[in-house]
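Have a look at the structure below before the remarks.
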Amino acid sequence: MNFLRGVMGGQSAGPQHTEAETIQKLCDRVASSTLLDDRRDAVRALKSLSKKYRLEVGIQAMEHLIHVLQTDRSDSEIIGYALDTLFNIISNDEEEEVDDVEEENSTRQSEDLGSQFTEIFIKQQENVTLLLSLLEEFDFHVRWPGVKLLTSLLKQLGPQVQQIILVSPMGVSRLMDLLADSREVIRNDGVLLLQALTRSNGAIQKIVAFENAFERLLDIITEEGNSDGGIVVEDCLILLQNLLKNNNSNQNFFKEGSYIQRMKPWFEVGDENSGWSAQKVTNLHLMLQLVRVLVSPTNPPGATSSCQKAMFQCGLLQQLCTILMATGVHADILTETINTVSEVIRGCQVNQDYFASVNAPSNPPRPAIVVLLMSMVNERQPFVLRCAVLYCFQCFLYKNQKGQGEIVSTLLPSTIDATGNSVSAGQLLCGGLFSADSLSNWCAAVALAHALQENATQKEQLLRVQLATSIGNPPVSLLQQCTNILSQGSKIQTRVGLLMLLCTWLSNCPIAVTHFLHNSANVPFLTGQIAENLGEEEQLVQGLCALLLGISIYFNDNSLESYMKEKLKQLIEKRIGKENFIEKLGFISKHELYSRASQKPQPNFPSPEYMIFDHEFTKLVKELEGVITKAIYKSSEEDKKEEEVKKTLEQHDNIVTHYKNVIREQDLQLEELKQQISTLKCQNEQLQTAVTQQVSQIQQHKDQYNLLKVQLGKDNQHQVSSSDGAQMNGIQPEEIGRLREEIEELKSNQELLQSQLAEKDSLIENLKSSLTTPGTNEATASAGESEQIAELKQELTTLKSQLISQSGEITKLQTEKQELLQKTEAFAKSVPVPVESETVIAAKTADVEGRLSALLQETEELKNEIKALSEERDAIKEQLDSSNSTIAILQNERNKLEVDITDSKKEQDDLLVLLADQDQKIFSLKNKLKEFGHPIEEEDELESGDQDDEDDEDEDDSKDQSHIQL
């Protein structure tokens, strides 16, 4: 403690001699007294002196107070006094008012004392462990001072105390129990303790999160009234930010736990939004920041995207847009809401589409984008609000080609509203681009540049935009008007914005470069700006002009003879000098504001004067600075050789692409044929099973017919021996009905076989059409299809034999039926008629004659049906004959296809030889390029490797085809 005694000796005003003696006596009483009451009184007295005489009490009493915590745990009162005393010693919170002159010195001295006493306390890690164990006590006089003391320790030496708690068994879990305490004072101070505990420590943040901290904190926020709550809500929100910020694991756990859905009620505001309290503004501000933590551009893209989708699905984005369009919202909240909506929609197509559909509650309704742009180009709006709107517009267009097209389309002549009743986003951007306010010029130029970012189509479309500068003068293009304003010598901020727009516009767009160079005044203006020796303020403009001229060279397609690449480089060498040009180009990346803008996408500037660079533009500069430098130093011969190599490589790429497409088409056709063959196989199996079932059914019918014939013979014998004619008349129709049912079943079986034969004919037609289709893929599959045709031919032969056998059976059944009819008629004549009265005999005779006539009619119908079945059988035979002829024709076509396969194989061999020669030429050209020192990109080598692989695949395919033919 010698260094503390030195601090004590250095104080200007120390305690009186009597107070020092009193503190010493009290410490002796705490150490030596045997009665608990005496020790308790001594500790209470030390507590009362600890605020005024902090240094002396800390030096003399800390060791005794720690000993009290260890030995007197049974008495909660003395433990509470000891904890309060230690808190007063370590804490830097001063209640006494200090004069302004002495405030700074006193604060610094107090902080030194707090950190020194904290270091003494935590030097023995057991002291922190002891304090954690005391927090398990439910007594208010023990737990609350313990929470305050541990919070003070974390504030003084946070990382060291965090490490001790982290290695302590169940240390973090004990502290999490504070959030469940029913006493609000302890619960609220527990939140403050966890704030200090989780600050900048990812391991503790994960443990706290998995101890159900999110659920408990969100419950507290809900109980306190969400945004209408007090400072407790603010503390909970700060703790949530500590747990989620830059912690991907906790962010994923928060999303997977469906806690994003519980954030939606926070942003439910009423119609009357004026008169918010300062605490509500603070709470809403923290809530919006918490949403931004989950969708920050610095997070991993996958995590950000999933959170964005969850916010749209639960309606959180819709709620934020409601606040955005509400009236009377506090300016700070409105600005932060715009920034929050910006990051929720950034790079998420679904959210961007929804934001594009949001309308402001105006009459008539206007899109939210238009309303926001009106604020951005209005110089009377606050600076931070204009920056937020610009950020929102940038996020709306980020990776959103659909939105970019919609913005550019509002500038095209076909979409402009001729009535002038409504203003579009494009008109607002043009108005801001050419207004008198330099900040509006810069914001509009950057916003329009984002509408062209990585979108060559919109760069070409924007060339069609025509502007009417004044009445009576012809319209000029937007590109020309931008260069006209540059040449007029406007403010630096305006010129920087226009140059950034032009650089973005011309990059990767040779057509735009041609339009730019077509104006003969542009190149002299740029060279004049670069060649002049201007002050430091103009150096940035010179660098941007050099970048624009370099883009005009690098992306020049040499379509203008007067401004070809080589002529422009000669112009630079004569008027500027290559070294001077490269030096001016380097002014951009060396600017002090360049690195600041390259860090984050959000345009966050302290004042309008710092608003110079855009984040996306810094990426473009980093990408183009090196290639432009190389392009400037290349000679004309190297350019020509490079162009020749590029053309050769393009031709090679075109050839390779063509054959890749051919191979891809052939693969698709082969897949289709394979699917057709598999389908035919399945149908063949089904037909075979159907034929088997038909054979079994025919056998069953034969057995049933034989059984009926035997039964009919027995019945005839019984009827001859019987004298009752009524029994005969009852049996005969039943037997004939059975015969009719049998003939009907045979007829249905024959129709089923005929339908199966028709299906076979359709399959043969499909095979015929597939075989007649030209192409090497069909030649490859012809061998397999010939086998399939042979199988089908064999199946047709089998069906033919089955039909012949069935026709024989039908003929046999017809003869047997005729015999039965003859026997029936003979039997009817041989039966004697008993002698009865004339009336009874007449009635029976009429009855028998009616039945006989009905039977004869049915017999005639059956004969007709049998005749029709025989005709259908003949037709089936004719179809079989035609099928045989079709098979013979297909056999001839297969022979022709085999000849075509041989020819296509020869053509493929010729193509392989051609590709080998082409690869040899490319290899020699690459060697020449290496000799000239031109670096060969890895993509070229990879493409040549891919070509070799494709050649090998072609050779394998040709081998497979020859194997199939064999």
[X] and [Y]: which non-hydrogen atoms are nearest, and at how many Å?
{"X": "S598", "Y": "H615", "result": "O-CE1, 3.2 Å"}
{"X": "F267", "Y": "V291", "result": "CZ-CG2, 3.8 Å"}
{"X": "S375", "Y": "V389", "result": "CB-CG2, 4.5 Å"}
{"X": "C392", "Y": "F355", "result": "SG-CZ, 3.7 Å"}
{"X": "A425", "Y": "V370", "result": "N-CG2, 4.0 Å"}
{"X": "V446", "Y": "Q394", "result": "CG1-NE2, 3.2 Å"}

task = Go through the steps to decide whether E336 and N339 satisfy the test side-chain contact (heavy atoms from CB on, under 4.5 Å), and finish with yes or no.
result = CA-CA 5 Å; E336 191 64 23; N339 289 326; 4.1 Å; yes
For [Y], does its backbone N or O pair with a side-chain atom of [X] as donor and acceptor, under 3.5 Å?
{"X": "D557", "Y": "I511", "answer": "no"}
{"X": "N359", "Y": "A368", "answer": "no"}
{"X": "N242", "Y": "R199", "answer": "no"}
{"X": "S305", "Y": "G302", "answer": "no"}
{"X": "N299", "Y": "V293", "answer": "yes"}
{"X": "N519", "Y": "Q480", "answer": "no"}
{"X": "Q458", "Y": "Q453", "answer": "no"}
{"X": "Q401", "Y": "N455", "answer": "no"}
{"X": "N351", "Y": "I345", "answer": "no"}
{"X": "T304", "Y": "P301", "answer": "no"}

ask   = Can K264 and Q318 be said to form a side-chain contact (heavy atoms from CB on, under 4.5 Å), step by step?
value = CA-CA 9 Å; K264 181 185 176 184; Q318 294 84 331; over 6 Å; no
query = Between F393 and F396, what is the ring plane arrangement, given parallel below 30°, perpendicular above 60°, and tilted in between?
reply = tilted
task = Quick one: do L548 and L544 satisfy side-chain contact (heavy atoms from CB on, under 4.5 Å)? Show the steps, please.
result = CA-CA 6 Å; L548 182 58; L544 292 172; over 6 Å; no
[atom1] of [X] to [atom2] of [Y]: how many Å apart, nearest 0.5 Å?
{"X": "T483", "Y": "L478", "atom1": "OG1", "atom2": "CG", "result": "9.5 Å"}
{"X": "L320", "Y": "M287", "atom1": "CG", "atom2": "CE", "result": "12.0 Å"}
{"X": "L385", "Y": "I338", "atom1": "CG", "atom2": "CD1", "result": "4.5 Å"}
{"X": "N378", "Y": "S435", "atom1": "CG", "atom2": "OG", "result": "10.0 Å"}
{"X": "D332", "Y": "W276", "atom1": "CG", "atom2": "CH2", "result": "10.5 Å"}
{"X": "K255", "Y": "K309", "atom1": "NZ", "atom2": "NZ", "result": "10.0 Å"}

inquiry  = Go through it in stages, so that I can follow the logic: the residues are R346 and E343, the test is salt bridge (charged side-chain N to carboxylate O under 4.0 Å, His left out), and I'd like the CA-CA distance, side-chain angles, deciding distance and then a yes or no.
reply    = CA-CA 5 Å; R346 187 176 189 268; E343 295 182 351; over 6 Å; no
Please say whether more than 12 non-hydrogen atoms of neighbouring residues, nucleotides or ligands are located less than 6.0 Å from [atom1] in [X].
{"X": "K491", "atom1": "NZ", "value": "no"}
{"X": "E268", "atom1": "CD", "value": "yes"}
{"X": "Q279", "atom1": "CD", "value": "yes"}
{"X": "K245", "atom1": "NZ", "value": "no"}

For the residue pair [X] and [Y], confirm or rule out a side-chain donor-acceptor distance under 3.5 Å.
{"X": "Q599", "Y": "R596", "result": "no"}
{"X": "R292", "Y": "S342", "result": "no"}
{"X": "Q349", "Y": "D353", "result": "yes"}

Find out whether [X] and [Y] are in side-chain contact, i.e. whether some heavy atom of one side chain is under 4.5 Å from a heavy atom of the other.
{"X": "F383", "Y": "C387", "value": "yes"}
{"X": "M263", "Y": "L294", "value": "yes"}
{"X": "C509", "Y": "E460", "value": "yes"}
{"X": "C443", "Y": "V377", "value": "no"}
{"X": "L429", "Y": "I407", "value": "yes"}
{"X": "L568", "Y": "L517", "value": "yes"}
{"X": "L288", "Y": "H285", "value": "no"}
{"X": "M500", "Y": "W442", "value": "yes"}

Residues Y563, N522; criterion side-chain contact (heavy atoms from CB on, under 4.5 Å); working and verdict = CA-CA 11 Å; Y563 290 110; N522 289 338; over 6 Å; no
Sole candidate of I551, L452, L448 that passes side-chain contact (heavy atoms from CB on, under 4.5 Å) when paired with W505 = L452
